[in-house]
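Following: one structure in structure tokens, then a few remarks.
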Amino acid sequence: MMFFAILLVTMFAALIGEHFIGPLAPHGVRVLLMPMIMFYGALALPLPGMLALAFCGGLMWDALHTNMALVWSADQTQLLDVNVEVALGWSIIVYALLGALLNGFRPLFQRGRWDIHALLAGLGTALIVLLEYLMLTFRREPVVFVFDQEIWWRIGGAGLVAALLAPLFFFVLNYVAFLSGYESQPARGTARSR
Amino acid sequence: MNRRNIIISVSVFVLLTGVVLTRGPHGMRRLQSGFLGMISPFLKSGSSLEKKYREFREGLKKLDQLEQENGDLKVRNKELSTTNQVLRGFEAENKQLRKALQYRESTIFTLTPARIIARDASTWYNKIVIDRGFADGLDPKGDQPVLTEAGLVGKTTVVDDHTATVVLIADETCKVAANVEGTREQGIVKGERASNQAVPGIGLNFLSKQAGLKPGQNVLTSGAGGVFPSGVLIGTVKEFKARELDGHASIIPAVDFTTLEDVFVIVGKTK
């Protein structure tokens with residue numbers, strides 16, 4: 001429970017921190033820290049913990065980024081139309097599905113492996129950006145799927161940055177887990193004690 | 001972990017997600033506004049730290065550089081004060097002439113200065129967060145124009161007590177009715193989803209195929225739609241292309257969104 005609270009606070013801090021990291025030149029690639037911590041949680045925590053993290057993370061992300069246009073009457077008293085691009089809560093589902101996928105690799109993580117998971121964190125981050133792009137393309141008129149080099153850079157670049165940063169984050173979070181008395185990789189701990 | 005616990009946790013998750021997904025637009029806006037209010041102290045602190053760090057780096061400039069800069073600013077200040085005096089005279093004269101001709105008095109906007117405390121972290125949106133909210137006179141419904149002395153920035157969307165989100169004109173969802181200075185051409189300015197720069201470019205759409213715009217021509221707000229006042233500079237034409245059905249011009253924004261720090265929100269107008 002204590003480690004879950006730590007991960008939740010770290011996710012919140014990562015969400016704030018992302019606002020102060022500008023897009024990386026020259027392709028405007030974003031550094032997405034919060035999904036990375038969510039993915040770590042998916043590996044380190046059992047299923048209920050992962051679902052709780054996915055719920056909080058997805059809700060926080062959507063509350064901050066979901067775009068909604070309200071059309072008011074001329075005298076500003078009546079709401080005429082609402083255009084919601086991406087529904088509030090969609091990220092919860094995406095996070096939970098990707099989290100469940102990573103949670104399936106948990107036995108491997110518990111045995112001390114981290115490399116596949118770092119790659120999966122990168123892949124998962126790229127998938128989140130891709131899904132976001134697909135969803136808003138469906139919602140914006142006219143529906144035209146543009147997949148040029150810049151779009152791919154933004155999708156793949158976010159995943160690449162996440163894959164490169166994931167080992168560092170996983171290492172730090174593993175250490176925090178150790179300090180808080182939570183055994184995220186019990187098999188490795190057993191091997192050491194031998 | 002036993003099956004019963006898994007079933008319970010999945011059920012609770014599905015239930016809570018369902019509650020969130022079925023929220024109406026008002027509930028959604030309230031939640032967004034509430035969350036923005038919750039994180040705004042952190043964003044403000046982060047912004048202050050960032051500013052202090054930048055000031056510290058700038059403070060390392062040489063003394064003679066600062067003296068030079070100070071001298072230049074004093075000259076600029078005098079220039080602007082003089083121009084302001086002249087303009088006041090013109091304003092009074094304009095009012096008198098309008099009265100004489102029984103014209104409706106032109107609107108004068110009230111501006112609220114605001115500081116940018118955060119930039120959007122998502123990939124596909126171009127938004128900023130400012131340190132002014134409805135407690136500072138902003139409309140909680142949003143849709144108030146935001147600009148700088150250089151030109152148009154965007155409009156407010158989610159508004160909280162002391163913070164507000166501003167969607168930039170570089171965002172695909174922010175559409176502005178515009179015209180090209182010195183021509184009869186009118187169109188809609190909107191951001192491009194992604195371009196070969198860190199900040200997406202903007203384009204002027206629905207022009208006539210024969211518009212033949214030249215690079216460097218000013219693009220101004222037309223005032224159609226009622227959100228943005230007319231005559232505010234949006235940018236300059238970079239390139240014009242005639243398409244199958246209409247004309248399209250790429251625009252260089254008048255405002256550099258990457259270095260933007262302070263903005264003004266048009267909070268009301270006095271007639």
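Chain identifiers are assigned alphabetically (A, B, ...) following the order of the sequence lines, protein sequences preceding nucleic acid strands; residue numbering begins at 1 within each chain. Values below: all heavy atoms of this structure, side chains included; hydrogens, waters and symmetry mates excluded. In this text the structure is predicted, and so the values were computed from the model without any measurement.
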Report the option among [options] that has the most heavy-atom pairs separated by less than 4.5 Å from atoms of chain A.
options                              : result
B/Val19, B/Leu16, B/Thr157           : B/Leu16
B/Lys127, B/Met28, B/Glu50, B/Arg119 : B/Met28
B/Gly34, B/Ala118, B/Gly46           : B/Gly46

Step through the shown structure and confirm whether more than 12 heavy atoms of other residues, nucleotides or ligands are within 6.0 Å of CZ on B/Phe35.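 More than 12 heavy atoms, drawn from other residues, nucleotides or ligands, come within 6.0 Å of this atom.
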Other residues, nucleotides, ligands: >12 heavy atoms within 6.0 Å of B/Arg243 CZ: yes
Report the residues that fulfil side-chain contact (heavy atoms from CB on, under 4.5 Å) with A/Asn103, sequence neighbours left out, ordered by chain and then residue number. A/Leu47, A/Met50, A/Arg106
Please name all residues satisfying side-chain contact (heavy atoms from CB on, under 4.5 Å) with B/Thr163, sequence neighbours left out, ordered by chain then number.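 B/Thr163: side-chain contact (heavy atoms from CB on, under 4.5 Å) contacts with B/Leu36, B/Ser40, B/Lys44, B/Ile117, B/Val129, B/Asp160.
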If you count heavy-atom pairs under 4.5 Å with chain B, which of [options] comes out on top?
options                    : result
A/Glu18, A/Met60, A/Met34  : A/Met60
A/Leu32, A/Leu59, A/Leu88  : A/Leu88
A/Asp62, A/Leu51, A/Leu136 : A/Leu51

For chain B, which residues of residues 159-172 of chain A have at least one non-hydrogen atom nearer than 4.5 Å to it? none
Using heavy atoms and a sub-4.5 Å threshold, report which of residues 8-17 of chain A line up against chain B, by residue number.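 A/Phe12, A/Leu15, A/Ile16, listed by number.
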Considering only heavy atoms, which portion of [X] lies under 4.5 Å from any heavy atom of chain A: side chain, backbone, both, or neither?
X       : result
B/Ser47 : both
B/Val12 : neither
B/Thr17 : both
B/Arg23 : side chain

I'd like to know whether B/Glu172 forms a side-chain contact (heavy atoms from CB on, under 4.5 Å) with B/Trp124, so could you lay out the CA-CA distance, the side-chain angles of the two residues, the decisive distance to 0.1 Å, and finally the verdict. CA-CA 9 Å; B/Glu172 203 183 4; B/Trp124 311 113; over 6 Å; no
Whether [X] side chain and [Y] backbone form a donor-acceptor pair below 3.5 Å:
X        : Y        : answer
B/Asp171 : B/Leu168 : no
B/Lys155 : B/Val167 : no
B/Thr156 : B/Asp143 : yes
B/Gln144 : B/Asp139 : yes

Beyond-backbone contact of [X] with [Y], side-chain heavy atoms, under 4.5 angstrom:
X        : Y        : value
B/Leu111 : B/Ile266 : yes
A/Ile116 : A/Leu108 : yes
A/Leu120 : A/Phe105 : yes
B/His248 : B/Asn205 : yes

Side chain, backbone, both or neither: which part of A/Trp153 has a non-hydrogen atom closer than 4.5 Å to chain B?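 Neither part, no heavy atoms under 4.5 Å.
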Over 60° means perpendicular and under 30° means parallel, so classify the ring planes of A/Tyr182 and A/Phe3, tilted if in between.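 The arrangement is parallel - the two ring planes meet at less than 30°.
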Considering the options B/Val166, B/Thr148, B/Leu147, which one meets the side chain to side chain contact (heavy atoms under 4.5 Å, CB included) requirement together with B/Val263?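 With B/Val263 as partner, side chain to side chain contact (heavy atoms under 4.5 Å, CB included) holds for just one option, B/Thr148.
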